[in-house]
There are 2 protein chains.
Amino acid sequence: MADTDSNSTPERKRGSGVKMVYDLLRDEILDLVLPPGSPIDEVQLAERFKMSRTPIREALVRLAGEGLIETLPNRSTMVSNIDFLNLNTFFDALVLMYRVTTRLAARNHRPEDLAIIRGFHADYAAAVEGRNALTMISTNAAFHAAIAEAGRNPYFTSLFRRLLDEGRRILRLYYRSYDEQFPQRFVDEHAEIIAAIEARDIEAADRLGKAHAEQIVAQVQKLFSRDVGIDIAL
Amino acid sequence: MADTDSNSTPERKRGSGVKMVYDLLRDEILDLVLPPGSPIDEVQLAERFKMSRTPIREALVRLAGEGLIETLPNRSTMVSNIDFLNLNTFFDALVLMYRVTTRLAARNHRPEDLAIIRGFHADYAAAVEGRNALTMISTNAAFHAAIAEAGRNPYFTSLFRRLLDEGRRILRLYYRSYDEQFPQRFVDEHAEIIAAIEARDIEAADRLGKAHAEQIVAQVQKLFSRDVGIDIAL
DNA sequence: TGCGTTTTTCTTGTCGACAAATAAAATACA
DNA sequence: TGTATTTTATTTGTCGACAAGAAAAACGCA
């Protein structure tokens, strides 16, 4: 409300508005700041970001393309629901992509990839150390996305990124209050995976990727089955 | 140019413009009516479809999201190139998705799915019979997309659709003049695949899907290696 | 009061116009 | 004549306004 710069300052680079809105909304959706079902109002966003509805709209179209929001024609737009009834299809895809991307990384990575991967590994370890659930979740996703990049298959990478995004939402759901459960074990497994990739041991990478994925799936399923009645309400 | 209805007739339903432009451009891109590198001019499209640039733009944003067009910031928009140097990553992903989707279809299909699949199978057989390359290509893609749908994993389905789209462009490139080469063999293999799915024989479906995919990949690679110097120019 | 109809409200979809950014063309200068 | 610089042209990105569509609210009538 406080108009500090009085004489209309659209001091913002030309193409940057869309990206800014897109990135911010995306993060808010994945971190459940905007939980599933939250209404997305274009006018409100336009006011919030002090721009016209046009760039807002473009960001929303992109988010819709990735399935993060859903648009009712002529009516409202809202954050996509998490499909709990078909979680198994998500897990199936996730496990397969963990395997494939880790496997390909062992085969195709270059030295500089390892540095990046190790960087995210360190970030993740620090987050576990610091018991910061939100950071754990996002750095874990970044770690595995980096491995996928090293595998150099953009088709797999893009699907995997989408799955990791959805995984961020699901994990965020469970690690709201129980923020101490992301175990040291995962850190160790990450280290093993890095070692297999570096050694270019494809079969080991495959095996470790699969085991790691199933670890995570099992944990989520455990949490899920524990409090179905509660969280299904979301 | 001929303005048949003189008094401004925007006789077109509200949300339909975007879908119409999107569908049409998509088909033109996949059938190489718009070959890779073709410039996409918003104003021109707006005139062609007699609508404002806004809905055109939305359609383009969607197409860009699927990687079918590429946008140079503040400058031009053009149809995405086919990455011939990394065709192997495409083939890797394609083979895996053929396998996975066929496998899942054997496990998860419902009776009504088979009817749909058989419908596309018939369309494809008719196209082979009629030596219609363009129809062969698109019905083949539709056939496998239907199998993927029967597998009921939306993550795999969406990636597979994207791969089949890209495959349409690549095949279209080779079946411009040699329109008699899509063999009867593929029709027979399709029939075998349907049988395995119906029998819910998961391993057979996997095996047949893989073999079928590798068939196609081998054929494309053969064509590709034959006239690299020519088509690489595209 | 209960229910069908009309009115209002609210959000989205579309439009035409303008401004910024970049490439291409024209110009100046050595 | 060749190169640096200015000017023009073209295309995109953004804006504010208006109209359509659908739900909610108000209304009328039995």
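In what follows, every chain begins at residue 1, and chains take the letters A, B, ... in the order their sequences are listed.
Between the P atom of C:dC15 and the CD atom of B:E58 lies a distance of 12 Å, rounded to the nearest Å. The nearest whole Å value for the distance from the NZ atom in B:K50 to the C1' atom in C:dG16 is 18 Å. Distance B:R12 CZ to C:dC15 C1': 11 Å, rounded to the nearest Å. Spacing between atom CD of B:Q44 and atom C1' of D:dT10 amounts to 13 Å, rounded to whole angstrom units. In this structure, B:E47 places its CD atom 14 Å from C1' of D:dT10, rounding to the nearest Å. One atom, CE of A:M51, and another, P of D:dG16, lie 12 Å apart when rounded to the nearest Å. In this structure, the NZ atom of A:K19 is 21 Å from the P atom of D:dT12, given to the nearest Å.
For A:R162 and B:S158, the side-chain atoms include at least one donor-acceptor pair closer than 3.5 Å.
Nearest heavy-atom pair, B:T101 versus B:A148, reported as atom, atom and distance to 0.1 Å: CG2-CB, 3.7 Å. Across all their heavy atoms, B:S80 and B:P36 have their closest contact at O-CB, 3.4 Å. Closest of all the heavy-atom pairs between B:L30 and B:R172 is O-CB, 4.3 Å.
The number of heavy-atom neighbours closer than 6.0 Å to CE of B:M78, taken from other residues, nucleotides and ligands shown, is above 12.
Contact annotation: A:S52 side-chain N/O to D:dC15 OP1/OP2 distance is under 4.0 Å.
Ring planes of A:H121 and A:F143: tilted class, angle from 30 to 60°.
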List, with names and distances, any nitrogen or oxygen atoms from the protein found under 3.5 Å away from nitrogen or oxygen atoms belonging to nucleotides 10-12 of chain C.
from: C:dT12; atom 1: OP1; to: A:I40; atom 2: O; distance (Å): 3.4
from: C:dT12; atom 1: OP2; to: A:D41; atom 2: OD1; distance (Å): 3.4
from: C:dT12; atom 1: O2; to: B:R14; atom 2: NH2; distance (Å): 2.2

